[in-house]
Every structure is written in C-alpha cells, then in structure tokens.
There are 2 protein chains.
Amino acid sequence: MNPKDLQATAGLLERIGRLLATDAHSSGLAPVQWEVLRYLDRANEFSRSSAALTAYLGSTKGTVSQTVKALEQRGLVTNLPSKQDRRRNRLSLTATGKKLLLDDPMMVWPRALNALPETEQQRFHETLEKLVRDRLQSQGRQAFGMCRDCKYFGREHENGQPHYCKLLEVPLSDAASEQICFEQVAAYGQE
Amino acid sequence: MNPKDLQATAGLLERIGRLLATDAHSSGLAPVQWEVLRYLDRANEFSRSSAALTAYLGSTKGTVSQTVKALEQRGLVTNLPSKQDRRRNRLSLTATGKKLLLDDPMMVWPRALNALPETEQQRFHETLEKLVRDRLQSQGRQAFGMCRDCKYFGREHENGQPHYCKLLEVPLSDAASEQICFEQVAAYGQE
DNA sequence: TGACTGCCGTTTCGAGTCGATACTAAAGGA
DNA sequence: TCCTTTAGTATCGACTCGAAACGGCAGTCA
C-alpha cells in the first residue's frame, strides 16, 4: 500500500480510539476509569498496585493516584497498604465495582467482532497484537501479557496447584494463569 | 473465536486507543487538538465548520467551541464568520498549523503498518473500515468518507474541473475529490 | 547502628477535555 | 413582523494529564 493509504489506515485507528473514548465517556465514568476497572479485574495479585497500573497505562504515578482516589470515592475500588512492603499499596475492585463492569461499554466491540468471519477475526487479532507489541517495545514499555504466555511460566505441579511461576516462585491456579501479570515476559521471541 | 478471545481482541483495541492518546499527549497538544488539525487538513471547504467538526468528533458544540478557541490562541487555526451565512464559521489551518502537522505523532503508525506484508495491510484496513462504519452507523452517526466514494460524486467534466458534486452542484478538482466531506454518503451499500 | 539511596505513593498546580445548560445572533418561513 | 430553528459562544463542575515537590520506607554500605 502507498503512503497515503497507510495514512488512511492510521486514520481509522484514530477514529476507533475516539469511538472508544466517547463510548466510555457517555456511560458515566471517564475512559481511564473504565480501563482501571478492567485492569484490576484481569490482573493477578502481584500486579494490582499503583506502580503496575502506572506502567500499564503509560501514565504518571501522580495521575494514577488521582484516578484511583476518584474511584475510591465512588466506592468502586479499595486502596490498602501492603503488609509485606508498606510503601506499596494493594488495589481491589469492590463488589459494586465488579457489578459495574458488567455494563462495560467496551463490550460492544466483541459483539461487532463476532459478526466477522472466523478467519478474519483471527487475522485481525494477530495484526493488532503485532502492532501493539511493536509499539510498546519501541517505547521501552512492558507488554503486560498473560501469565501463561510468560517465559517464567512452568507447568510443574506444586502445592496442589497445576502451574508454577519460576520468577516469583509461587504456585499458580488455572485461573491465575490467565490473568495479566506485571512481570510477564513473552515466551516467544520478539523478532 | 470464543467470547474470551474476542474480549482479548477488544482489549487490544483499547490499548491501541490508549497508545494513540498518550503519544498525542506527550507531544505538546491534547489528543483532540491533534484530531482537529488533521481533520481541517483533510476536509473539503464545505466541511470546515464547527458543526461538521462536532459531528466528526462525536462531541458537543460547546466542547468544540472551546477546543477551537484554544487552537486559535496558539495561532494554529483561524475562525472566521462565513459570508453567505453569518451564523456559520469557517475554520482554517494557519501556516504554523500546517507546519506543526508534519510532526504529527500519529505518523508512527503508517511506518509500523508498512512493516507488515502487503496482503496483511490490505486485510487489516478492510476489517478496521468495517468495524468503524458499523459502529458509527449503529450510533446514527455519519461516516465522513472521501468525496470520491460518495454517491453524489460525478465524473462529469465541468468548468475545466474533472469532477462534479451532484448534491452541492459544484465542480470538483482532483485534490478536492480526495478530501473528507461532511455530506458524504457511501456509494456502496451498507449491507 | 546509622546514613545514604532509590523507590513508591500522595499532593498540588496549571492547562485542557468533556457534557450540560443557558445564552446570543442570524436565517428563514408563515 | 413575529416566531422558530440553527450556529456558535460562555460558563460550570468533574475529570485527565504531566511536572514537581514531599514524605515514608526498604535495602545497602559503612
């Protein structure tokens, strides 16, 4: 494709971004607030801190602190100091927060995607993944992949749990292996 | 793909949206301000008004008015009343605005896309276009396509110009036919 | 046992977005 | 001429964002 067409494709990405933002905005919470809720719902225990959230959002700790505070005031999130290291905090969704997530405006997209042919869904996902990964990498940012795709992910049984994290040295449940991890390093190369 | 995977694809869209926003943010202007500059650069004369911009952004006229004001104060945009209808305004990029657009942070995406195989570029573009169009349509919003893809676009010669708009009844240059039009209605069906 | 260092989170500041609402002014029909 | 519709502006409160200053705390090195 020539440069002009590639710009048109980028223009579509821009519009998608805007649609995402306005969808979010018109449903009560700010776009970032929704993203925080989604992240907390999908991240594993070690990754539910302000620092991890800051890296995930590509924002600053100040902004994140404020956003968390706003969500706390609405009773959607709790913010407690960690017992191991009292500099850190532990963020969690409240029951209200979890319930609100069922009305996530982002859910219109899976439905739209579902209308596409199966192979097109697959290919679209792969291309998106490539673009996001490349972009994050060129900014020196983490990809925040799923636990089970990590190079430290082990299938050894331990303590009755089916999996094991070789980095943090903890046993992992099946559910945990599908969560987002702050420390995740892709097992497959980034060629 | 199963629902969980479709959600993962939507998650990638979400992250792209965020990358777009932070890229924009960290380069001086707010994301929306960049979008306004890009729109004004690519829209035809009839479409460079606050009303068209409001529809394009899916925002409100109040917000657009403020955004335009901020860009005016920076000397990137001019805002003049229209002579035909003095309620309307005519927005234009200043020379400074046009120059700034050369540093558009969005330009990293065409480069990233260019790294993909040709067929993958094509397919990705088509899928994106489908998603955006469907989403806009389901919200009852306009698509803002290119003049030459419009059902009112005619290839008749007139006044020395190669094309013609059957809706506004004006001759069109080659360049104008590639601009975004407020009135555009897709020539191909929306099945 | 200290002091030094680096990290983590909070607070505050100014510019800007956003939706909502109220407002002004111009166009255009009855 | 009156009245309605339409286009753009002004203002308010909640929120985002980056930057910078601040305080708490863990780990290290002396």
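All heavy atoms count here, side chains included; hydrogens, waters and symmetry mates do not. A, B, ... follow the sequence lines: proteins, then strands. Residue 1 opens every chain.
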A.B. asks: Counting only side-chain nitrogens and oxygens, does A:T67 get under 4.0 Å of the OP1 or OP2 atom of D:dC15?
C.D. replies: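 Negative; the distance criterion is not met.
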
A.B. asks: Figure out the NZ/P separation between B:K83 and C:dA26, and round it to whole Å.
C.D. replies: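 It works out to 17 Å between those atoms.
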
A.B. asks: Taking the side chain as everything from C-beta on, heavy atoms only, tell me whether B:W109 gets closer than 4.5 Å to B:D104.
C.D. replies: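 They are not in side-chain contact.
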
A.B. asks: Rounded off to whole Å, could you give me the CG-to-C1' distance for the A:L71 and D:dT16 pair?
C.D. replies: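 Atom CG in A:L71 sits about 12 Å away from atom C1' in D:dT16.
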
A.B. asks: If I take atom CZ in residue B:R86 and atom C1' in nucleotide C:dT24, what distance separates them, rounded to the nearest angstrom?
C.D. replies: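 Going from B:R86 (CZ) to C:dT24 (C1'), I get 14 Å.
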
A.B. asks: D:dT16 phosphate, OP1 or OP2: any side-chain N/O from A:Q33 under 4.0 angstrom?
C.D. replies: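 Answer yes for this pair, as a side-chain N or O of A:Q33 is under 4.0 Å from OP1 or OP2.
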
A.B. asks: Within the structure shown, what part of the strands sits under 4.0 Å from B:S26 by heavy-atom distance: base, sugar-phosphate, or nothing?
C.D. replies: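 Contact class for B:S26: none.
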
A.B. asks: Rounding to an integer number of Å, can you tell me how far B:D23 CG sits from D:dC17 C1'?
C.D. replies: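 From B:D23 CG to D:dC17 C1': 14 Å.
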
A.B. asks: Under a 4.5 Å cut-off applied to non-hydrogen side-chain atoms, are B:L102 and B:M107 in contact?
C.D. replies: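 The answer is no; the side chains never approach within 4.5 Å.
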
A.B. asks: Decide yes or no for B:R18 and A:L57: does some side-chain heavy atom of the first lie under 4.5 Å from some side-chain heavy atom of the second?
C.D. replies: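 Contact flag for B:R18/A:L57 side chains = yes.
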
A.B. asks: Check the phosphate of C:dC18 against A:R18, side-chain N and O only, distance under 4.0 Å to OP1 or OP2. Yes or no?
C.D. replies: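 Answer is yes, contact under 4.0 Å.
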
A.B. asks: Once rounded to the nearest 0.5 Å, what's the spacing between atom NZ of B:K130 and atom CG of B:L128?
C.D. replies: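 Rounded to the nearest 0.5 Å, the NZ-CG separation comes to 11.0 Å.
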
A.B. asks: Nearest-Å distance, CD (A:Q73) to P (D:dG13)?
C.D. replies: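 Atom-to-atom, A:Q73 to D:dG13, this comes out as 17 Å.
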
A.B. asks: Mark up nucleotides 8-14 of chain C, 5' to 3', with B wherever a protein heavy atom is under 4.0 angstrom from a base atom, S wherever such an atom reaches only the sugar-phosphate, and - elsewhere.
C.D. replies: BBBBB--

A.B. asks: Can you tell me how far the CD atom of A:E14 sits from the CG atom of A:L19, to the nearest 0.5 Å?
C.D. replies: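 Between atom CD of A:E14 and atom CG of A:L19 there are 10.5 Å.
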
A.B. asks: Under 4.0 Å between any heavy atoms, over every strand shown, what does A:A70 touch: base, sugar-phosphate, or nothing? Just pick one.
C.D. replies: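 No contact at all - A:A70 keeps every heavy atom at 4.0 Å or more from the nucleic acid.
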
A.B. asks: CG of B:L53 versus C1' of D:dT9: gap in Å, rounded?
C.D. replies: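 So the two atoms are 15 Å apart, to the nearest Å.
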
A.B. asks: Specify whether B:H163 and B:F153 have parallel, tilted or perpendicular ring planes, treating 30° as the upper limit for parallel and 60° as the lower limit for perpendicular.
C.D. replies: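 Taking B:F153 first and then B:H163, their aromatic rings sit tilted (interplane angle of 30° to 60°).
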
A.B. asks: Taking for each residue the nucleotide of DNA chain C with the nearest heavy atom, is it A:T22 or B:R74 whose nucleotide lies nearer the 5' end?
C.D. replies: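 Closest to the 5' end, via its nearest nucleotide, is B:R74.
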
A.B. asks: Specify the separation, in whole Å, of atom CH2 of B:W34 and atom P of D:dC17.
C.D. replies: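 Rounding to the nearest Å, CH2 of B:W34 and P of D:dC17 are 18 Å apart.
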
A.B. asks: Report the relative orientation of the aromatic rings in A:Y56 and A:F144; use parallel for angles under 30°, tilted for 30 to 60°, perpendicular for over 60°.
C.D. replies: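 Answer is perpendicular, since the angle exceeds 60°.
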
